[in-house]
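Written below as structure tokens is the structure these notes are about.
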Amino acid sequence: MQKTLKSHGTWIGKWTFVLAATGSAVGLGNIWGFPYKAGTEGGAAFVLIYLLCIIIIGIPIMISEILIGRRSGNSPINSMKKSAIDSNRSSSWQLVGWIGISAGVLILSFYSVIAGICLNYIFIAASSSGEISASEQFASVIQSPISLMIWHTVFMFLTFLIVSAGVKDGIGRMVKILMPMLGLLLIFMVLYGIVKGDFSKALLFLFTPDFSNIGTNTFLSAMGQAFFSLSLGMGSIMAYGAYMPKDQEIVSTSFSVGSLDTLVAIMAGLAIFPIIFAFNLEPGSGPGLVFISLLSAFNQMEFGQLIGAIFFILLSVAALSSSISILEPGVAFISEERIASRTSSALIISFLCWVVGIGTVFSFNIWSDYYPLPDKNFQETIELISVQILQPLGGMLIAIFVGWFMNESIIKSELGDLNPVFYKLWRFFIRYIAPSSVAFIFISQLL
Ligand code: PFF
């Protein structure tokens, strides 16, 4: 490559990467996606299948993303390009980076609107006296485009501020504050669930194994959840890998991130469901679970305003540590190409996400009858393209590139002296299992 790309620096110390990547992984997906799926799609049976997906597909792809990123030290577009050229392959593999950045803009556009609602709910929960029901409250929040826009703007602005401050001083410093805070809040919520909630019913709901309904759909759902939850296939982990110190071990670090992400998902279930069951509410999924069922529980419980506010702070922190990782790949690309300064690059991509996000804001109200695709409103269409198509496509291409096209000596030098048995296993998963599983998701979705 002729042009010298601007360097972004590296994380200080071993833990920053783990905190940042775990911050990326732990987000809204863990808190309202995993627990509900586990509870309704087979309990311990779903948890086992999910763990299997994490181990044989998620972690192998995570290792691949980190090794490509760390080897080149650049944004996903340039890291893919460099790795391809160094392996005597076509530079068009950079397309994978472009897919990632496009997926990122689309994902962040709606993630920010939902995270904005979480921010708004910190104040709603803190002042809610239960005069209006939680479902009326939620309806009034989403019916107001102005209020949704304000909170979407606030959340996007926070994301912009952190990313524009840089890898070390922005993201690196913030995850060291956000992640311990998230851990403490979550431990507090689980303890609260144990003491005050119906903990045994929550355990039964989450872990009673039910193999009778396990089918193709369970695998699809677990695999999709694993992709989204580990932030794979769209360059976030690759971008963070670019800042990983050279002496850090990639494989064990990936296992740590995957385990922490799964632990948080399980703990989120153990925080939420004891409260839901103690008040005889229905477990639901997605926004309905936290914005309606949980708020209604907070409205009825002692110190509910305080506990509710704490819960929504937890949710917002988890969302923020994910959103910065979604913004980073695009910002890294524009700034390393010296097209604009880091601040202006962050402004450009944030603005793009913000504009697309307006469509999600409207999909809750003035566009609620507008369906760009059959049965899919604007937000659902954006989610379909980004989460269900671009993200797995990116992951599959990364697996194919590393498994079949990347020079093996480069791979081995990045993985260090890995136990040969582990190496062989990983190589098998990345060449055969990961690409074919993702292809299987696509084919099933088409059918
Ligand atoms: N992993 C995040 C969650 O579970 O909410 C979402 C996410 C973050 C997806 C970063 C994709 C990404 F690149």
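Note that this is a predicted model, so its numbers are computed, not measured. In listed order, ligands and their atoms are each counted from 1. Residue indices begin at 1 and follow the sequence shown.
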Is there a salt bridge (charged side-chain N to carboxylate O under 4.0 Å, His left out) between R342 and E336? Walk through the geometry before answering. CA-CA 8 Å; R342 188 167 179 95; E336 79 193 1; over 6 Å; no
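Residues satisfying the ring-ring contact (aromatic ring centres under 6.0 Å, His included) test with F364, not counting sequence neighbours, are none.
In this structure, Y432 and W404 have perpendicular ring planes: the angle between them is above 60°, well past the 30° mark.
If you check the side chains of E41 and S221, you find a donor sitting under 3.5 Å from an acceptor.
If you look at ligand 1, the protein residues with a non-hydrogen atom under 4.0 Å away are S24, A25, G27, L28, G29, N30, Y111, F228, S229, S231, M234, S236, S322, S325, I326, Q391.
Salt bridge present: E414 and K246 bring a charged side-chain N and a carboxylate O closer than 4.0 Å.
Of the residues listed (L230, I66, I237, L67), the one engaging S254 in a side-chain contact (heavy atoms from CB on, under 4.5 Å) is I66, and it is the only one.
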